[in-house]
Amino acid sequence: MNSILYYPGCGVADQARSMETAARGALGALGWEMEEMERWNCCGTVYSLATDDLMRHVGPARILARVQDAGHEHLLTLCSMCYSTLKRSERFLTEERDRLDRVNAFLDDEPDYTGGVRVVHLLELVRDEIGYEAVEEAVQRPLSGLKVSPYYGCTLTRPRAVGVDDPERPRVLEDLLLALGAEPVSSPQGVECCGAYLTASAPEVARRRAGAIARAAARGGADLMVTSCPLCQYNLDTRQGEAPGASAHAVPSLYFTQLLALALGADPAVDEQVIDPRPVLAARGLAVEVKA
Amino acid sequence: MAEQLRLAKAVLSVQFARRVEELSGQSPYRCYQCGKCGAGCPFADSMDLLPNQVLRLVQLGDEKVLEAGAPWSCASCLACEVRCPRGVDIAKVMEAVRLLALRKGRSPVALGKVPGERLPQIAVVGISRKMTP
Ligand code: SF4
Ligand code: SF4
C-alpha cells in the first residue's frame, strides 16, 4: 500500500462526506491509502487576492507547517477549492521571505514553515502517479454507455500557474472518464463558474448559473455531470433543483470520486440528492443503492 | 442587464488609482478596454458595470466605483484573468475595490441575514471573507 497525507477540509468533512468515502474506497482498490492529518483547520476557502491581506494566509500556513512538522512533502486534497487556496498561499508565502517571516512570527505556537510542501489534487495523483492504465486495469464495472459531462468550475484549473490542467481546454476529467469506460461529453459551460459562494448572498444567481450549466450538458446528451468541489456540487444539485421548472430537464451531478468508486467496485457512497442520479445510472445498467 | 450606474460630476484622483494598484498589484493602465473580460464574465448579466468599465473608472481615478454593485457580483472565478490579452488580473482589481469599500465601512452582506438553510460551510466562509469587513 502506498500512503499519502490527506487534508479533508470543512466541506468534505461534513456536507460532502460521500466524496471522501468514495475516494477512500477507490484509492484502496488502486493500492493507495489516504492518511488524514492529525490536526487541521479551515484553509479559508477563498484565496485572498489583495497584496496587504497577510492575515488571511495564516490558516493555510498553519496547515502547511503541520504537514512539514510531520515530515511530509506532499499533501492530498479532494476539494478543488482547498487545493487552490492551499497551493496559492504556499506560493504567495514562499515567494517573498518577508511574508513567510511575518506569518511564522504570528504563528508562534507552531513550528516555522520553511516552504516546499507540494499540494496535490486527487486528480493529479491519479493521472501522474497512479496512471490511467492502472485505473483501466482495475475497473470491475465499466461505465459503458454512460454519458458524463465534466464540470471543472474555477479553482481546479485557474489560475494557470496553479491549476491541474489547461484552464480553457482541460481534459483531465475526460481522460479519467475514458479510463472508466464512460463517454465524456465536453460542454462549453464546463469551465464557467457555478456561482460559487454567491449562492449565499444571491441564490437566484446560482440558480441561473446551475440551470445554464445543466442545459449545456443536456444539449450534449449527458446523463449526468461530474464535479470536484463540494460547492459546485451544491449549486449543481440543490440550486439547479430549486429553479422553476427544473425537474423535467434536470441533470444529476456526482463527484468524480463517486464514479471512480463505482467503476472500481468500491462503495460510490451515493447520498440522497435533490436531483437523484440513480435512475440515469440504472438506465445504463449501473444500479446503486442509497444508504439510509 | 441590470440598471446602469449613473455617473455624474466625477471627482478624479490619481491617488485613488494608485491605491487600487497597490492593493491589487495590478496596473490598471495595462488595460486597453478591449472588453474581453466583460464578454466572458458569467455574472455580467447581474452587474451594473461590466468588469472593463470598473477598470475604466479605476484608470480615471473615479471613486464612484466604490458605489458600484459589480464587484459584489464578482465571484473571483478568474475566467477574465486567464483570458485578458494584456495579462491584467481583473479579479484582483475587483477585490481591491471591494476591500476599499469595506474599509470605508460599506458592508453589502449582513451575515445574520444569510438564510439559515443548510448552506455548505464553504459558501458561508466564502461570503464572510469576501463581503464583510
Ligand atoms: S480583457 Fe484585459 S485589456 Fe481587455 S478590457 Fe478586460 S482588463 Fe482590459
Ligand atoms: S473574476 Fe469576477 S469579473 Fe472576472 S469573470 Fe469572474 S466574476 Fe467576472
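Keep in mind the model is a prediction, meaning the values are calculated, not measured. In the text below, chain A, chain B and the rest are named by the order of the sequence lines, each starting its count at 1.
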Seminar exercise, completed: Assert top hit (heavy-atom pairs under 4.5 Å, partner chain B, pool A:Asp53, A:Thr155, A:Val46) equals A:Val46
Problem set entry | Region of B:Val125 that comes under 4.5 Å of a non-hydrogen atom in chain A | both
Problem set entry | Part of B:Ser73 lying under 4.5 Å from any heavy atom of chain A | backbone
Exercise. Under a 4.5 Å heavy-atom cut-off, does chain B meet the side chain of A:Ser48, its backbone, both or neither?
Worked result: both
For this session: Measure across A:Val12 and A:Tyr6 and return the closest heavy-atom pair with its distance rounded to 0.1 Å.
Result: CG1-OH, 3.4 Å
For this session: With a 4.5 angstrom heavy-atom cut-off, could you sort out which part of B:Cys41 is near chain A: side chain, backbone, both or neither?
Result: neither
Exercise. A:Arg160: what forms a salt bridge (Lys or Arg N to Asp or Glu O under 4.0 Å) with it, not counting sequence neighbours?
Worked result: A:Asp166
For this session: Write down the atom of B:Ala75, the atom of A:Cys193, and the distance for their closest heavy-atom approach.
Result: CB-SG, 4.2 Å
Problem set entry | Side chains of B:Arg56 and B:Gln53, donor plus acceptor under 3.5 Å | no
Exercise. Hey, what do you get for CG (A:Asp237) to CD (A:Gln273), rounding to the nearest 0.5 Å?
Worked result: 4.5 Å
For this session: Show the numbers, then the answer: is there a side-chain contact (heavy atoms from CB on, under 4.5 Å) between B:Ile122 and A:Tyr197?
Result: CA-CA 7 Å; B:Ile122 320 180; A:Tyr197 49 81; over 6 Å; no
Problem set entry | Contact residues of residues 22-37 of chain B (partner chain A; heavy-atom separation under 4.5 angstrom) | B:Glu22, B:Leu23, B:Ser24, B:Gly25
For this session: Using a strict 4.0 Å threshold on nitrogen-to-oxygen distance, state whether A:Arg99 and A:Glu96 make a salt bridge.
Result: yes
Problem set entry | A:Glu242/A:Arg239 ion pair, N-O < 4.0 Å | yes
Exercise. Between A:Asp165 and A:Arg171, is there a donor-acceptor pair closer than 3.5 Å when you use the side chain of the first and the backbone of the second?
Worked result: yes
Exercise. Any chance CZ of B:Arg86 has more than 12 other-residue heavy atoms, nucleotides or ligands included, within less than 6.0 Å?
Worked result: yes
Problem set entry | Option that, when pairs with chain B are counted at under 4.5 Å, heavy atom only, ranks first among A:Ala16, A:Gly195, A:Ala196, A:Gly163 | A:Gly195
Problem set entry | Contacts with chain B made by residues 200-212 of chain A (heavy-atom distance under 4.5 Å), listed by residue number | A:Ala200, A:Ser201, A:Val205, A:Arg208, A:Arg209
Exercise. For the atom pair CG (A:Leu122) and OG (A:Ser80), what is the distance rounded to the nearest 0.5 Å?
Worked result: 11.0 Å
Exercise. What's the shortest heavy-atom distance between A:Asn235 and A:Cys194, and which atoms?
Worked result: ND2-SG, 3.2 Å
Seminar exercise, completed: Taking a cut-off of under 4.5 angstrom between non-hydrogen atoms, the residues of residues 95-103 of chain B near chain A are B:Glu95, B:Leu99, B:Arg103
Exercise. Among A:Leu231, A:Leu198, A:Leu49, A:Asp52, which residue forms the greatest number of heavy-atom pairs with chain B at distances under 4.5 Å?
Worked result: A:Leu49
Exercise. Under a 4.5 Å heavy-atom cutoff, which of A:Cys154, A:Gly9, A:Cys79, A:Cys43 has the most pairs with chain B?
Worked result: A:Cys154
Exercise. Can you say whether A:Glu168 sits under 4.5 Å from chain B via the side chain, the backbone, both, or neither, judging by heavy atoms?
Worked result: side chain
Problem set entry | Between A:Ser89 and A:His57: side-chain donor-acceptor atoms closer than 3.5 Å | yes
Exercise. Is B:Glu63 reaching over with its side chain to a backbone N or O of B:Ser13, donor-acceptor style, under 3.5 angstrom?
Worked result: no
Seminar exercise, completed: What one should report as the nearest heavy-atom pair of A:Ala61 and A:Leu93 is CB-CD1, 3.8 Å
Problem set entry | Shortest non-hydrogen contact from A:Thr85 toward A:Pro60 | CG2-CG, 4.5 Å
For this session: Can you see which heavy atom on A:Glu192 is nearest to which on A:Tyr151, and at what distance?
Result: O-OH, 2.6 Å
Problem set entry | Portion of A:Pro167 that has a non-hydrogen atom of chain B nearer than 4.5 angstrom | side chain
Problem set entry | B:Gln15 side chain near B:Arg19 side chain, heavy-atom distance below 4.5 Å | no
For this session: Heavy atoms only, distances under 4.5 angstrom: which of B:Met131, B:Lys130, B:Glu81 has the most pairs with chain A? Name it, please.
Result: B:Lys130
